[in-house]
Each structure stands twice: as structure tokens, then as C-alpha cells.
Amino acid sequence: MKTLKMLSIAAVITTFVLAATVSAGTVVAPAGFATTDATFAADSPLGDPDAGSRYQQIYDASLFGQLPIVISEIQFRAASPENAFRPNSVSVSDSRISLSTTMVTSDPGATAAGNFSAAFDANVGVDELIVFDGPLTLDRGGSNPSGPQPFSYGFALETPFIYNPQLGNLLLDVQVPTGATVALGPGFGALEDFDASTASGDGTASVRGSVGSTVGAAGQTGLVTQFTFQPVPEPASALLLLTTSLAAIMRRR
């Protein structure tokens, strides 16, 4: 346990040592779908909230470049042309969403050590940070009749996540507790309305299952995701963010 704690601290410190000025912007993963539909309609990352669900998606570090970033927002989008003209939303009464830096690969078929695993906890990095905790609404907010839908099924992180691609891949972990309730907005006939890619080797993969299970169903499907990132902070702000991140790691370990 002490070793894991030290690795977590080392990862955060290394992020700031390697930090350089980067421009604020967005990254869309898998690559190539920023302005193109991925053509597959997948389940919401919230799964089936009434039964309790857990969804993990891994993003290869190569999708994010080389420099450390501070992720502040995560957004998905609706599949086209399904419900393209009808704004809708999905709300869940409770959720727990975390990000971490994982050393596993995005090979969805591998379960050996060092590879993406069907066992949820095996994929979680030692720097896991809860970035959102509580009720969540994913609201489409609009539609596009002639192309990919806007990235509007999203949320701002309550706690920004410091991510250094040189330290490993990025893991998104969405958990909805058993008993949570879901509300569907107008025009939302099902939870299977999220744009996703099923291509092998695109740098994404996922595991989906029940929140109380240790193992889920691993596959190549990856929700098309847009990450909003901010520049690495100036020294004074960076020190404050570093202190906050280290404190969060100490509490969880």
C-alpha cells in the first residue's frame, strides 16, 4: 500500500516537472471523428441506472500528444441520424466518476497483467481521482441535421484531473449505484443513442457491467469522447493544484 501511495505521489510530481505551456483546447478520441460520425449507436455510459452499472473506457496515451494537460470537461455526442432533430437528455440521481492514469493497454481481448482487463479494478491507476460525484444530467442541447451531432452530452469536472500521457493511458470509470433512478428527456426513447466506434486499434476499448461485479464484458466499442483541457498552470497555481491532488491521493490510499 505504501508503494502504491509513493507511485501516486511520484506520478503527480513528475507531471509538474515535465510541465510546459500548452494551449487550451480539445481532444477527440478515437482520433479522426472530430467532424465525422463513428456510425455506431452504443449504450449510454450510465448503463442501466435502475440496476446499478459500471462503465470503464480506456484511451491510449498517443491520442493526447506528449505534454501534460489539466482535463476540465468530458463530453459525448448522440449517434446520427437517430433522433437527430429532437433534443433530449438523460439524468441519473447519483453517480461516481473518476479518472486515472493506467499502465494497461487498449487491447480489449487481453486479460493478462499489463493489458486491458475485464476485471474493473485491475485497470484503475494508482492516481485515481473522483472528478464528479452526485446527480448527473447529460443533455444533448441541440442537433445537427447534416452531420455529426454536437458534443453536448457532457459535464464539467468538479475536480480537474492532471494527466501526463508519458505516464500511461487514460481511464474513465463511471459508476452508478444500485437503486439510482434515471429520467429520460423528450425524444429520448432509449439509452442506446451515443456515437461510438467499434474499430480495432483506434486507441479505445471498454468494459461494461454491474456496479457490484468485479468483472464485466470487455470489447472494442469506444464512445466518441471530447476532452476539454486547460494549460498547465503557472507556478503559483500549479503548486496549489499539486497540493490538492496529493491530498486527494493521500485520502484515498
Side-chain angles (χ1 to χ4, degrees), residues 26-49 51-65 71 74-83 90 95 97-125 128 138 147-149 151 153-154 161 163 165 167-176 190-227:
T26 59
V27 172
V28 174
F33 293 119
T35 58
T36 304
D37 276 318
T39 71
F40 184 78
D43 289 347
S44 159
L46 301 178
D48 183 359
S53 65
R54 188 170 186 180
Y55 177 80
Q56 288 185 340
Q57 183 161 324
I58 191 170
Y59 304 85
D60 195 86
S62 63
L63 299 170
F64 297 89
I71 298 174
I74 297 174
Q75 295 173 314
F76 309 100
R77 71 184 179 198
S80 292
E82 187 176 349
N83 293 331
V90 55
S95 66
I97 302 174
S98 66
L99 291 174
S100 65
T101 307
T102 176
M103 297 302 294
V104 299
T105 71
S106 56
D107 177 1
T111 56
N115 291 303
F116 192 50
S117 176
F120 290 113
D121 291 346
N123 299 315
V124 179
E128 181 188 25
L138 301 181
Q149 301 308 301
F151 284 103
Y153 283 141
F161 182 72
Y163 176 55
L167 300 180
N169 299 323
L170 182 67
L171 182 76
L172 170 69
D173 194 343
V174 181
Q175 298 185 52
V176 175
L191 296 178
E192 301 177 356
D193 190 35
F194 284 69
D195 194 28
S197 170
T198 58
S200 177
D202 65 5
T204 65
S206 61
V207 178
R208 188 183 293 273
S210 300
V211 71
S213 301
T214 58
V215 177
Q220 298 179 7
T221 301
L223 299 176
V224 178
T225 311
Q226 178 175 274
F227 295 92

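For the numbers below, each heavy atom of this structure counts, side chains included, while hydrogens, waters and symmetry mates do not. A quick note: this is a predicted structure, and the numbers were derived from the prediction, not measured.
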Measure the [atom1]-[atom2] distance between [X] and [Y] for me, rounded to the nearest 0.5 Å.
X	Y	atom1	atom2	result
L170	F64	CG	CZ	5.0 Å
L46	Y153	CG	OH	11.0 Å
D121	Q56	CG	CD	7.5 Å

Is D195 reaching over with its side chain to a backbone N or O of A78, donor-acceptor style, under 3.5 angstrom?
no
For T221 against Y55, the heavy-atom pair lying closest together
O-OH, 4.4 Å
Sequence neighbours left out, what passes side chain to side chain contact (heavy atoms under 4.5 Å, CB included) with [X]? Give chain and number order.
X	value
A217	none
S213	S210
P30	F33, S197, D202, T204, V224

Partners of [X] by side-chain hydrogen bond (donor to acceptor under 3.5 Å, both in side chains), sequence neighbours excluded?
X	answer
Q226	Q75
R208	none
S62	D60
T225	Y59

Considering only distance and modelled atom types, tabulate donor-acceptor pairs under 3.5 Å from the side chains of residues 97-104, sequence neighbours left out.
from	atom 1	to	atom 2	distance (Å)
S98	OG	E128	OE2	3.0
S100	OG	G125	N	3.0
T101	OG1	D127	OD2	2.8
T102	OG1	V104	N	3.2
T102	OG1	N123	O	2.8

Indicate yes or no: at least one non-hydrogen side-chain atom of F227 is less than 4.5 angstrom from one of I74.
yes
